[in-house]
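Reviewing the structure listed below.
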Amino acid sequence: MALAKRIIPCLDVENGRVVKGVQFLDIRDAGDPVEVAKRYNEQGADEITFLDITATHEGRDTMVHTVEKMASQVFIPLTVGGGIRSCDDIRTMLNAGADKVSINSAAITNPEFVRQASERFGSQCIVVAIDAKKVSAPGETNRWEIFTHGGRKPTGIDAVAWAVKMAEYGAGEILLTSMDQDGVKNGYDLGVTKAIADAVNIPIIASGGVGNLQHLVDGVKLGGADAVLAASIFHFGEYTVPQAKQFMREQGIEVRL
Amino acid sequence: MSTVAVIDYGMGNLHSVAKALEHVQPNVEVRVTSDPAIIADSDRVILPGVGAIRDCVAQMLAQGVDQEVADTLASGKPFLGICVGYQALMQFSEENQGTQCLGVYPGQVKQFADAMTEDGERLKVPHMGWNKVSQTIDHPLWQGIADNSRFYFVHSYYVAAENPAQVAGRCRYGVDFDVALSEKNSFCVQFHPEKSHTAGLQLLTNFLHWDGKL
(Lines give C-alpha, C1' and ligand atoms only; values in the text may rest on other atoms or scores of the structure.)
Protein backbone atom coordinates (compact mmCIF):
# COMPACT_ATOMS: atom_id res chain seq x y z
CA MET A 1 0.00 0.00 0.00
CA ALA A 2 1.16 3.44 -0.87
CA LEU A 3 0.28 5.62 2.11
CA ALA A 4 3.51 6.41 3.94
CA LYS A 5 3.77 5.91 7.69
CA ARG A 6 4.26 9.33 9.20
CA ILE A 7 7.01 10.57 11.51
CA ILE A 8 5.84 13.40 13.73
CA PRO A 9 8.26 15.34 15.91
CA CYS A 10 6.42 16.72 18.93
CA LEU A 11 7.12 20.08 20.52
CA ASP A 12 5.98 20.51 24.10
CA VAL A 13 5.88 24.27 24.53
CA GLU A 14 5.83 26.17 27.79
CA ASN A 15 5.76 29.98 27.81
CA GLY A 16 7.14 30.16 24.30
CA ARG A 17 9.97 27.62 24.64
CA VAL A 18 10.21 23.97 23.60
CA VAL A 19 10.74 21.83 26.69
CA LYS A 20 10.98 18.14 27.36
CA GLY A 21 10.47 16.30 30.57
CA VAL A 22 10.55 12.74 31.81
CA GLN A 23 7.13 11.41 32.78
CA PHE A 24 5.89 15.02 32.71
CA LEU A 25 8.51 16.17 35.27
CA ASP A 26 12.16 17.32 35.21
CA ILE A 27 11.86 19.80 32.32
CA ARG A 28 14.76 20.62 29.92
CA ASP A 29 14.84 23.53 27.44
CA ALA A 30 15.04 22.52 23.77
CA GLY A 31 14.84 25.85 21.97
CA ASP A 32 12.62 28.30 20.12
CA PRO A 33 9.54 26.53 18.75
CA VAL A 34 9.54 28.25 15.35
CA GLU A 35 13.23 27.46 14.80
CA VAL A 36 12.75 23.87 15.95
CA ALA A 37 9.70 23.41 13.71
CA LYS A 38 11.56 24.87 10.71
CA ARG A 39 14.40 22.44 11.28
CA TYR A 40 12.03 19.46 11.25
CA ASN A 41 10.21 20.82 8.20
CA GLU A 42 13.54 21.03 6.36
CA GLN A 43 14.52 17.55 7.51
CA GLY A 44 11.40 16.07 5.94
CA ALA A 45 9.15 15.48 8.95
CA ASP A 46 5.64 14.50 7.82
CA GLU A 47 3.78 16.64 10.35
CA ILE A 48 4.50 18.62 13.48
CA THR A 49 2.59 18.39 16.74
CA PHE A 50 2.72 21.26 19.09
CA LEU A 51 1.45 20.82 22.65
CA ASP A 52 0.99 23.85 24.86
CA ILE A 53 1.75 22.90 28.43
CA THR A 54 1.49 26.49 29.68
CA ALA A 55 -1.08 27.18 32.37
CA THR A 56 -1.22 31.00 32.23
CA HIS A 57 -3.23 33.36 30.01
CA GLU A 58 -0.10 35.20 28.93
CA GLY A 59 1.34 31.89 27.83
CA ARG A 60 -1.79 31.16 25.79
CA ASP A 61 -1.49 34.41 23.86
CA THR A 62 2.16 33.68 23.17
CA MET A 63 1.02 30.31 21.87
CA VAL A 64 -1.31 31.82 19.25
CA HIS A 65 1.47 34.08 17.98
CA THR A 66 3.88 31.17 17.88
CA VAL A 67 1.42 29.13 15.81
CA GLU A 68 1.01 32.07 13.42
CA LYS A 69 4.77 32.43 12.99
CA MET A 70 5.23 28.71 12.57
CA ALA A 71 2.45 28.42 9.99
CA SER A 72 4.06 31.04 7.78
CA GLN A 73 7.30 29.06 7.63
CA VAL A 74 6.31 25.42 7.92
CA PHE A 75 4.47 23.83 4.99
CA ILE A 76 3.49 20.50 6.43
CA PRO A 77 0.48 19.78 8.63
CA LEU A 78 0.52 21.34 12.06
CA THR A 79 -1.46 19.95 15.01
CA VAL A 80 -1.94 22.12 18.07
CA GLY A 81 -3.05 20.84 21.44
CA GLY A 82 -3.19 21.83 25.09
CA GLY A 83 -6.06 23.77 26.63
CA ILE A 84 -8.48 23.33 23.71
CA ARG A 85 -11.85 23.56 25.48
CA SER A 86 -14.33 25.23 23.14
CA CYS A 87 -15.19 25.73 19.48
CA ASP A 88 -13.82 29.26 19.89
CA ASP A 89 -10.47 27.83 20.97
CA ILE A 90 -10.49 25.64 17.87
CA ARG A 91 -11.37 28.53 15.57
CA THR A 92 -8.59 30.65 17.09
CA MET A 93 -6.00 27.94 16.47
CA LEU A 94 -7.21 27.13 12.94
CA ASN A 95 -7.21 30.82 12.07
CA ALA A 96 -3.70 31.12 13.45
CA GLY A 97 -2.62 28.44 10.98
CA ALA A 98 -3.10 25.08 12.70
CA ASP A 99 -4.46 22.29 10.50
CA LYS A 100 -5.69 20.10 13.33
CA VAL A 101 -6.36 20.53 17.01
CA SER A 102 -5.82 17.93 19.67
CA ILE A 103 -8.50 17.66 22.36
CA ASN A 104 -7.68 15.88 25.60
CA SER A 105 -9.29 16.60 28.97
CA ALA A 106 -12.16 18.65 27.50
CA ALA A 107 -13.30 15.48 25.74
CA ILE A 108 -13.43 13.66 29.06
CA THR A 109 -15.36 16.45 30.80
CA ASN A 110 -17.75 16.79 27.87
CA PRO A 111 -17.65 14.12 25.14
CA GLU A 112 -20.33 16.02 23.17
CA PHE A 113 -17.69 18.68 22.54
CA VAL A 114 -15.90 16.24 20.21
CA ARG A 115 -19.12 15.68 18.28
CA GLN A 116 -19.84 19.41 17.97
CA ALA A 117 -16.27 20.16 16.93
CA SER A 118 -16.14 17.49 14.25
CA GLU A 119 -19.51 18.53 12.84
CA ARG A 120 -18.49 22.14 12.72
CA PHE A 121 -14.89 21.89 11.57
CA GLY A 122 -14.81 18.42 10.00
CA SER A 123 -13.34 15.21 11.45
CA GLN A 124 -10.13 15.78 9.49
CA CYS A 125 -9.02 18.45 11.96
CA ILE A 126 -10.15 16.86 15.22
CA VAL A 127 -7.56 14.74 17.00
CA VAL A 128 -8.48 13.19 20.33
CA ALA A 129 -5.50 12.73 22.65
CA ILE A 130 -5.60 9.83 25.08
CA ASP A 131 -3.18 9.47 27.99
CA ALA A 132 -3.31 5.83 29.04
CA LYS A 133 -1.73 3.86 31.85
CA LYS A 134 -1.78 0.14 32.40
CA VAL A 135 -3.94 -0.71 35.43
CA SER A 136 -4.08 -4.50 35.27
CA ALA A 137 -1.88 -6.45 37.65
CA PRO A 138 0.75 -8.83 36.24
CA GLY A 139 -0.99 -12.03 35.15
CA GLU A 140 -4.35 -10.34 34.66
CA THR A 141 -5.80 -9.58 31.24
CA ASN A 142 -4.24 -6.32 30.06
CA ARG A 143 -6.31 -3.26 30.83
CA TRP A 144 -5.50 0.41 30.36
CA GLU A 145 -7.22 3.44 31.80
CA ILE A 146 -7.21 7.11 31.00
CA PHE A 147 -5.38 9.45 33.32
CA THR A 148 -5.49 13.24 33.41
CA HIS A 149 -3.45 15.98 35.08
CA GLY A 150 -0.13 14.71 33.84
CA GLY A 151 -0.88 11.16 34.84
CA ARG A 152 -1.82 11.87 38.44
CA LYS A 153 -5.59 11.62 38.22
CA PRO A 154 -7.31 8.37 37.25
CA THR A 155 -10.65 8.64 35.48
CA GLY A 156 -11.69 5.01 35.61
CA ILE A 157 -12.35 5.12 31.86
CA ASP A 158 -11.16 2.16 29.82
CA ALA A 159 -8.77 3.46 27.15
CA VAL A 160 -9.84 1.12 24.34
CA ALA A 161 -13.57 1.69 24.89
CA TRP A 162 -12.91 5.42 25.04
CA ALA A 163 -11.06 5.40 21.70
CA VAL A 164 -13.99 3.57 20.08
CA LYS A 165 -16.42 6.10 21.52
CA MET A 166 -14.34 9.07 20.35
CA ALA A 167 -14.16 7.65 16.82
CA GLU A 168 -17.96 7.34 16.85
CA TYR A 169 -18.23 10.95 18.01
CA GLY A 170 -16.29 12.09 14.97
CA ALA A 171 -12.60 12.16 15.94
CA GLY A 172 -10.48 11.95 12.80
CA GLU A 173 -7.43 10.57 14.55
CA ILE A 174 -6.25 9.32 17.96
CA LEU A 175 -3.03 10.54 19.58
CA LEU A 176 -2.23 7.82 22.08
CA THR A 177 0.34 8.56 24.78
CA SER A 178 1.45 5.90 27.15
CA MET A 179 2.00 7.54 30.52
CA ASP A 180 4.14 4.69 31.84
CA GLN A 181 6.51 5.16 28.93
CA ASP A 182 6.61 8.91 28.42
CA GLY A 183 10.18 10.21 28.42
CA VAL A 184 11.66 6.99 29.82
CA LYS A 185 12.87 5.82 26.41
CA ASN A 186 11.89 2.16 26.66
CA GLY A 187 9.65 2.25 23.61
CA TYR A 188 5.91 2.68 23.11
CA ASP A 189 3.45 0.60 25.09
CA LEU A 190 2.75 -1.69 22.14
CA GLY A 191 -0.09 -3.54 23.90
CA VAL A 192 -2.39 -0.55 24.23
CA THR A 193 -1.31 0.81 20.84
CA LYS A 194 -2.26 -2.44 19.11
CA ALA A 195 -5.47 -2.82 21.07
CA ILE A 196 -6.67 0.63 20.02
CA ALA A 197 -5.34 0.41 16.44
CA ASP A 198 -7.35 -2.80 15.99
CA ALA A 199 -10.47 -1.43 17.64
CA VAL A 200 -11.00 1.71 15.55
CA ASN A 201 -10.98 2.54 11.85
CA ILE A 202 -9.31 5.96 12.20
CA PRO A 203 -5.53 6.54 12.18
CA ILE A 204 -3.54 6.13 15.41
CA ILE A 205 -0.47 8.13 16.36
CA ALA A 206 1.74 6.28 18.85
CA SER A 207 3.42 8.48 21.43
CA GLY A 208 5.46 8.22 24.62
CA GLY A 209 8.70 6.42 25.27
CA VAL A 210 10.81 6.48 22.10
CA GLY A 211 14.48 6.03 22.87
CA ASN A 212 15.81 4.62 19.62
CA LEU A 213 14.83 4.05 16.01
CA GLN A 214 13.79 0.44 16.54
CA HIS A 215 11.03 1.77 18.80
CA LEU A 216 9.55 3.67 15.83
CA VAL A 217 9.61 0.50 13.74
CA ASP A 218 7.98 -1.48 16.55
CA GLY A 219 5.25 1.15 16.91
CA VAL A 220 4.27 0.57 13.29
CA LYS A 221 4.93 -3.14 12.91
CA LEU A 222 3.89 -4.44 16.31
CA GLY A 223 1.68 -1.60 17.54
CA GLY A 224 -0.15 -1.09 14.25
CA ALA A 225 0.32 2.70 14.44
CA ASP A 226 -0.24 4.83 11.34
CA ALA A 227 2.10 7.51 12.60
CA VAL A 228 4.85 7.63 15.19
CA LEU A 229 5.51 10.63 17.39
CA ALA A 230 8.75 11.37 19.18
CA ALA A 231 10.32 14.32 20.93
CA SER A 232 13.60 14.00 22.77
CA ILE A 233 15.42 11.72 20.31
CA PHE A 234 15.06 14.51 17.75
CA HIS A 235 15.32 17.58 19.99
CA PHE A 236 18.65 16.70 21.50
CA GLY A 237 20.27 15.60 18.26
CA GLU A 238 20.48 11.86 18.91
CA TYR A 239 18.82 11.17 15.57
CA THR A 240 17.62 13.20 12.61
CA VAL A 241 14.30 12.67 10.87
CA PRO A 242 16.05 11.37 7.68
CA GLN A 243 17.97 8.82 9.76
CA ALA A 244 14.72 7.63 11.28
CA LYS A 245 13.05 7.34 7.88
CA GLN A 246 16.01 5.53 6.34
CA PHE A 247 16.00 3.04 9.19
CA MET A 248 12.25 2.47 8.88
CA ARG A 249 12.55 1.95 5.14
CA GLU A 250 15.33 -0.61 5.69
CA GLN A 251 12.90 -2.47 7.96
CA GLY A 252 10.35 -2.60 5.14
CA ILE A 253 8.14 0.30 6.22
CA GLU A 254 6.89 2.67 3.55
CA VAL A 255 8.00 6.23 4.31
CA ARG A 256 8.24 9.50 2.44
CA LEU A 257 11.91 10.16 1.71
CA MET B 1 2.47 43.06 -9.02
CA SER B 2 0.40 40.00 -9.95
CA THR B 3 -2.64 39.22 -7.85
CA VAL B 4 -4.29 36.02 -6.71
CA ALA B 5 -7.69 35.80 -5.05
CA VAL B 6 -8.31 33.07 -2.48
CA ILE B 7 -12.09 32.80 -2.28
CA ASP B 8 -13.30 33.05 1.33
CA TYR B 9 -16.74 31.53 1.87
CA GLY B 10 -16.53 31.42 5.63
CA MET B 11 -15.29 27.87 6.08
CA GLY B 12 -12.04 26.36 7.27
CA ASN B 13 -8.58 27.79 7.35
CA LEU B 14 -7.73 29.74 4.21
CA HIS B 15 -4.65 31.36 5.62
CA SER B 16 -2.37 28.38 5.12
CA VAL B 17 -2.96 28.63 1.36
CA ALA B 18 -2.26 32.37 1.47
CA LYS B 19 0.89 31.91 3.55
CA ALA B 20 2.24 29.25 1.23
CA LEU B 21 1.63 31.47 -1.82
CA GLU B 22 3.40 34.40 -0.15
CA HIS B 23 6.27 32.11 0.76
CA VAL B 24 6.86 30.80 -2.78
CA GLN B 25 6.46 34.22 -4.40
CA PRO B 26 6.89 37.17 -2.02
CA ASN B 27 5.98 39.71 -4.73
CA VAL B 28 2.51 38.30 -5.36
CA GLU B 29 -0.48 40.04 -3.76
CA VAL B 30 -2.65 37.41 -2.11
CA ARG B 31 -6.25 38.51 -1.46
CA VAL B 32 -8.30 36.32 0.84
CA THR B 33 -11.70 37.68 -0.11
CA SER B 34 -15.41 37.12 -0.60
CA ASP B 35 -15.83 40.30 -2.70
CA PRO B 36 -16.88 39.42 -6.29
CA ALA B 37 -15.32 42.65 -7.60
CA ILE B 38 -11.92 41.79 -6.12
CA ILE B 39 -12.16 38.21 -7.38
CA ALA B 40 -13.04 39.46 -10.87
CA ASP B 41 -10.14 41.91 -10.75
CA SER B 42 -7.49 39.31 -9.74
CA ASP B 43 -5.10 37.61 -12.18
CA ARG B 44 -5.59 34.17 -10.67
CA VAL B 45 -8.26 32.56 -8.53
CA ILE B 46 -8.08 29.76 -5.95
CA LEU B 47 -11.07 27.96 -4.43
CA PRO B 48 -9.77 26.24 -1.29
CA GLY B 49 -11.79 24.05 0.99
CA VAL B 50 -11.78 22.30 4.30
CA GLY B 51 -14.83 20.97 6.07
CA ALA B 52 -18.08 19.19 5.42
CA ILE B 53 -19.39 19.49 1.86
CA ARG B 54 -23.02 20.32 2.63
CA ASP B 55 -22.08 23.43 4.60
CA CYS B 56 -19.39 24.38 2.08
CA VAL B 57 -21.73 24.16 -0.93
CA ALA B 58 -24.51 25.96 0.97
CA GLN B 59 -22.12 28.80 1.82
CA MET B 60 -20.85 28.95 -1.76
CA LEU B 61 -24.38 29.21 -3.15
CA ALA B 62 -25.48 31.76 -0.54
CA GLN B 63 -22.51 33.91 -1.47
CA GLY B 64 -22.60 33.48 -5.25
CA VAL B 65 -19.31 31.58 -5.43
CA ASP B 66 -20.81 29.38 -8.18
CA GLN B 67 -21.12 32.47 -10.39
CA GLU B 68 -17.63 33.71 -9.49
CA VAL B 69 -16.18 30.33 -10.44
CA ALA B 70 -18.17 30.26 -13.71
CA ASP B 71 -16.95 33.76 -14.57
CA THR B 72 -13.34 32.85 -13.77
CA LEU B 73 -13.46 29.71 -15.89
CA ALA B 74 -14.99 31.66 -18.80
CA SER B 75 -12.40 34.45 -18.49
CA GLY B 76 -9.46 32.16 -19.26
CA LYS B 77 -7.69 33.15 -16.01
CA PRO B 78 -5.82 30.37 -14.19
CA PHE B 79 -8.06 28.70 -11.61
CA LEU B 80 -7.04 26.23 -8.89
CA GLY B 81 -9.50 24.17 -6.82
CA ILE B 82 -8.19 22.47 -3.67
CA CYS B 83 -9.76 19.56 -1.73
CA VAL B 84 -13.41 20.45 -1.02
CA GLY B 85 -12.90 23.28 -3.54
CA TYR B 86 -12.40 20.50 -6.08
CA GLN B 87 -15.13 18.16 -4.83
CA ALA B 88 -17.69 20.99 -4.82
CA LEU B 89 -17.26 21.39 -8.59
CA MET B 90 -18.48 17.85 -9.29
CA GLN B 91 -22.15 16.95 -9.70
CA PHE B 92 -22.96 15.08 -6.52
CA SER B 93 -21.33 13.97 -3.27
CA GLU B 94 -22.30 11.06 -1.03
CA GLU B 95 -21.26 13.12 2.03
CA ASN B 96 -23.90 14.39 4.51
CA GLN B 97 -26.51 11.86 3.32
CA GLY B 98 -26.07 13.08 -0.25
CA THR B 99 -25.25 16.62 -1.36
CA GLN B 100 -25.93 18.24 -4.71
CA CYS B 101 -22.75 20.04 -5.78
CA LEU B 102 -22.10 22.82 -8.30
CA GLY B 103 -21.98 20.50 -11.31
CA VAL B 104 -19.17 22.22 -13.19
CA TYR B 105 -17.57 18.86 -14.06
CA PRO B 106 -19.24 15.50 -14.65
CA GLY B 107 -18.60 12.98 -11.90
CA GLN B 108 -19.38 11.95 -8.34
CA VAL B 109 -17.75 12.26 -4.94
CA LYS B 110 -17.82 8.87 -3.23
CA GLN B 111 -17.13 7.61 0.27
CA PHE B 112 -14.19 5.32 0.98
CA ALA B 113 -15.46 1.92 2.07
CA ASP B 114 -15.35 1.11 5.78
CA ALA B 115 -13.45 -2.13 5.60
CA MET B 116 -10.83 -1.68 2.93
CA THR B 117 -7.70 -3.78 3.01
CA GLU B 118 -4.70 -3.91 0.76
CA ASP B 119 -1.77 -6.34 0.93
CA GLY B 120 -3.25 -7.68 4.14
CA GLU B 121 -3.26 -4.29 5.83
CA ARG B 122 -6.42 -2.53 6.95
CA LEU B 123 -6.86 0.90 5.38
CA LYS B 124 -8.06 3.52 7.83
CA VAL B 125 -10.45 6.33 6.92
CA PRO B 126 -9.86 9.32 6.64
CA HIS B 127 -7.20 8.78 3.98
CA MET B 128 -4.73 10.83 5.99
CA GLY B 129 -1.10 11.32 5.10
CA TRP B 130 1.35 11.29 2.23
CA ASN B 131 0.40 9.30 -0.84
CA LYS B 132 1.86 8.96 -4.30
CA VAL B 133 0.26 10.83 -7.17
CA SER B 134 0.68 9.46 -10.64
CA GLN B 135 0.58 12.17 -13.27
CA THR B 136 -1.64 10.96 -16.11
CA ILE B 137 -1.00 13.93 -18.41
CA ASP B 138 1.73 16.49 -19.01
CA HIS B 139 0.62 19.77 -17.54
CA PRO B 140 2.32 23.08 -16.69
CA LEU B 141 1.33 22.52 -13.04
CA TRP B 142 3.26 19.25 -12.88
CA GLN B 143 6.43 20.90 -14.12
CA GLY B 144 9.48 20.15 -11.95
CA ILE B 145 7.55 17.58 -9.87
CA ALA B 146 8.66 13.96 -10.30
CA ASP B 147 5.92 11.51 -11.25
CA ASN B 148 4.72 9.57 -8.19
CA SER B 149 5.81 12.29 -5.79
CA ARG B 150 3.98 12.20 -2.47
CA PHE B 151 1.43 14.84 -1.52
CA TYR B 152 -0.47 15.32 1.75
CA PHE B 153 -4.08 14.16 1.76
CA VAL B 154 -6.78 14.28 4.37
CA HIS B 155 -10.26 13.27 3.22
CA SER B 156 -12.92 10.59 3.60
CA TYR B 157 -14.54 11.09 0.17
CA TYR B 158 -12.92 10.88 -3.25
CA VAL B 159 -13.67 12.10 -6.74
CA ALA B 160 -14.64 9.69 -9.48
CA ALA B 161 -14.56 11.87 -12.58
CA GLU B 162 -16.74 10.86 -15.48
CA ASN B 163 -14.70 12.33 -18.31
CA PRO B 164 -11.33 10.53 -18.56
CA ALA B 165 -10.01 13.36 -20.73
CA GLN B 166 -10.21 15.66 -17.70
CA VAL B 167 -8.19 13.44 -15.37
CA ALA B 168 -4.69 14.80 -14.70
CA GLY B 169 -3.57 12.66 -11.77
CA ARG B 170 -4.53 9.50 -9.93
CA CYS B 171 -3.88 7.91 -6.58
CA ARG B 172 -4.59 4.52 -5.04
CA TYR B 173 -6.01 3.89 -1.58
CA GLY B 174 -8.08 0.75 -1.67
CA VAL B 175 -9.52 2.11 -4.91
CA ASP B 176 -8.01 4.13 -7.74
CA PHE B 177 -9.37 7.66 -7.78
CA ASP B 178 -8.94 10.96 -9.56
CA VAL B 179 -6.85 13.36 -7.50
CA ALA B 180 -6.23 15.97 -10.17
CA LEU B 181 -8.49 17.32 -12.88
CA SER B 182 -7.54 19.58 -15.77
CA GLU B 183 -9.84 21.44 -18.15
CA LYS B 184 -8.57 24.45 -20.12
CA ASN B 185 -7.59 27.16 -17.58
CA SER B 186 -8.75 25.12 -14.59
CA PHE B 187 -6.77 22.68 -12.45
CA CYS B 188 -8.17 20.94 -9.37
CA VAL B 189 -6.46 18.78 -6.77
CA GLN B 190 -7.65 16.59 -3.92
CA PHE B 191 -4.43 16.89 -1.91
CA HIS B 192 -3.24 19.99 -0.06
CA PRO B 193 -0.36 21.59 -1.99
CA GLU B 194 0.01 24.17 0.78
CA LYS B 195 0.83 21.33 3.21
CA SER B 196 2.82 19.13 0.83
CA HIS B 197 6.27 20.57 1.46
CA THR B 198 8.56 20.71 -1.59
CA ALA B 199 6.25 19.07 -4.14
CA GLY B 200 3.27 21.14 -3.04
CA LEU B 201 5.18 24.41 -2.99
CA GLN B 202 6.43 23.61 -6.52
CA LEU B 203 2.85 23.12 -7.69
CA LEU B 204 1.85 26.49 -6.20
CA THR B 205 4.87 28.13 -7.83
CA ASN B 206 3.82 26.59 -11.15
CA PHE B 207 0.29 27.91 -10.67
CA LEU B 208 1.59 31.43 -10.06
CA HIS B 209 3.55 31.25 -13.31
CA TRP B 210 0.83 29.58 -15.37
CA ASP B 211 -0.89 31.61 -18.08
CA GLY B 212 -3.93 29.30 -18.05
CA LYS B 213 -3.05 27.71 -21.36
CA LEU B 214 -2.19 24.09 -22.05
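Sequence lines set the chain letters: A, B, ... in the order given, protein chains first and strands last, and positions in each chain run from 1.
- For the side-chain contact (heavy atoms from CB on, under 4.5 Å) test, residues two or more places apart in sequence or in another chain that qualify with B:Val125 are A:Asn201, B:Phe112, B:Met116, B:Ser156.
- Remark: A:Lys245 does not engage A:Glu250 in a salt bridge, criterion side-chain N to carboxylate O under 4.0 Å.
- At a 4.5 Å heavy-atom cutoff, the contact between A:Arg6 and chain B is made by side-chain atoms alone.
- Relative ring orientation between B:His155 and B:His127 is described as perpendicular, the plane-to-plane angle rising above 60° on a 0-90° scale split at 30° and 60°.
- Per-residue counts of heavy-atom pairs under 4.5 Å with chain A were compared for B:Lys132, B:His23, B:Glu22; the largest is that of B:His23.
- Heavy atoms of A:Asp226 lying under 4.5 Å from chain B belong exclusively to its side chain.
- Checked against side-chain contact (heavy atoms from CB on, under 4.5 Å), B:His209 has the following partners two or more places apart in sequence or in another chain: B:Gln25, B:Thr205.
- For the options A:Ser72, A:Ala71, A:Pro203, heavy-atom pairs under 4.5 Å to chain B are most numerous at A:Pro203.
- No side-chain donor-acceptor contact under 3.5 Å links A:Asp189 to the backbone of A:Ser178.
- Interface residue A:Ala197: backbone and side-chain heavy atoms are both found under 4.5 Å from chain B.
- There is no contact between B:Asn96 and chain A, counting heavy-atom distances below 4.5 Å.
- Here B:Lys77 does not pair with B:Asp43 in a salt bridge; the nearest charged N to carboxylate O distance is not below 4.0 Å.
- Of the listed residues (A:Ser123, A:Gly122, A:Gly172, A:Cys125), the one with the most heavy-atom contacts under 4.5 Å to chain B is A:Gly172.
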